[in-house]
Amino acid sequence: VQHFNSNVHTSRDKSFAANMTSEKCALVILATGAEEMETVITVDVLRRAKINVTLAGLEGVDPVVCSRGVRIVPDTSLDEAVEKGPYDVVVMPGGLGGAKKLAESDKVKRVLEDQEKANGFIAAVCAAPTALVSHGIAKGRRVTSHPSVSDAIRKNPDYSYSEARVCRDATTITSRGPGTCFEFALGIVEALVGADVAKQVAEPMVLP
């Protein structure tokens, strides 16, 4: 069984991270069947940028089994996390199973509606943008998604579909899949704390 621990940084990371401060906070919603790479990469990159990340389990605090069998332990439950809000960004990892649960959840709907009313950022990757459509969030915006779920968005007249690897339209940030998640996470970093911090975070990760 694989477990995720994102609180691991190299000495080089610490050398520049010590000079970065941020009061920004992010809520990442974790559902059974979520794509583990998308969850881990996003949480880790945001924490490298000194963004305070809360990884909240949709179903509670028990370990969550992700799409490839990796178990991830949430920091808290979504119910408890909501009580500690508000958040600068609400993030939804994809994975078909996880996205389906996000799209069907009344809790998630309320969180997204509140975030939208507050003009806060909402970010979704892979299949998770389908939850935006299901809950009527970000209407009139341009979004992208994993190709396998693109038709569900394209056929909805309330959204414009993009094939960009990362698509930002106002306070909505969407992306396509595991292979675009570093760009996705760095896009969130840039939106919250600026391009300079995003560049600092990216450099020691030796991205292409």
Side-chain angles (χ1 to χ4, degrees), residues 24-31 34-35 37-39 41-43 45-46 49 51 53 67 85-105 107-199 201-202 207-208:
K24 301 295 184 179
C25 55
L27 172 63
V28 179
I29 304 176
L30 179 61
E35 217 296 330
M37 287 177 63
E38 294 166 2
T39 305
I41 290 169
T42 302
V43 169
V45 170
L46 296 184
I51 294 168
V53 180
S67 60
Y87 297 88
D88 296 288
V89 63
V90 173
V91 184
M92 297 187 293
L96 286 174
K100 186 174 186 291
K101 289 184 176 295
L102 295 173
E104 294 174 347
S105 169
K107 291 180 187 178
V108 171
K109 181 181 178 66
R110 289 193 296 271
V111 169
L112 295 177
E113 287 178 340
D114 289 345
Q115 187 73 358
E116 187 170 58
K117 288 175 184 176
N119 202 35
F121 282 97
I122 295 172
V125 61
C126 192
T130 59
L132 302 179
V133 176
S134 295
H135 297 310
I137 301 298
K139 287 183 177 180
R141 299 276 173 87
R142 188 175 66 256
V143 299
T144 191
S145 71
H146 194 274
S148 66
V149 297
S150 64
D151 286 347
I153 300 173
R154 290 180 191 272
K155 69 183 182 183
N156 191 308
D158 291 325
Y159 300 88
S160 298
Y161 194 81
S162 169
E163 293 188 356
R165 290 173 65 82
V166 178
C167 179
R168 176 178 171 185
D169 188 349
T171 55
T172 305
I173 303 170
T174 51
S175 189
R176 309 212 76 187
T180 66
C181 255
F182 281 105
E183 297 158 70
F184 172 65
L186 290 168
I188 298 171
V189 171
E190 181 172 345
L192 295 189
V193 293
D196 288 344
V197 174
K199 184 178 179 180
V201 171
L207 298 173

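- Remark: D169 engages R141, R142 in a side chain to side chain contact (heavy atoms under 4.5 Å, CB included) (not counting sequence neighbours).
- Counting only residues at least two apart or on different chains, the salt bridge (Lys or Arg N to Asp or Glu O under 4.0 Å) pairs with a member in residues 181-195 are R165-E183.
- Residues S175 and V166 form a side-chain contact, since some pair of their non-hydrogen atoms from C-beta on lies under 4.5 Å apart.
- By the 4.5 Å heavy-atom criterion applied to side chains, L46 and V189 are counted as neighbours.
- Within the 4.5 Å cutoff, the side chain of T174 has no heavy atoms near those of the S145 side chain.
- Atom CD of E113 sits about 8.0 Å away from atom CD of E116, to the nearest 0.5 Å.
- The CE atom of M92 lies 6.5 Å from the CD1 atom of I29; values are rounded to the nearest 0.5 Å.
- Of the options D88, V111, V53, V91, a side-chain contact (heavy atoms from CB on, under 4.5 Å) to L27 is made by V111 and by none of the others.
- Residues L132 and I153 fail the side-chain proximity criterion, which asks for heavy atoms closer than 4.5 Å.
- Side-chain contact between S134 and E104 is absent, with no heavy-atom pair separated by less than 4.5 Å.
- E163 places no side-chain N or O within 3.5 Å of a backbone atom of T144 that could act as its donor or acceptor partner.
- Atom-to-atom distance recorded for F182:CZ and I41:CD1 is 4.0 Å, nearest 0.5 angstrom.
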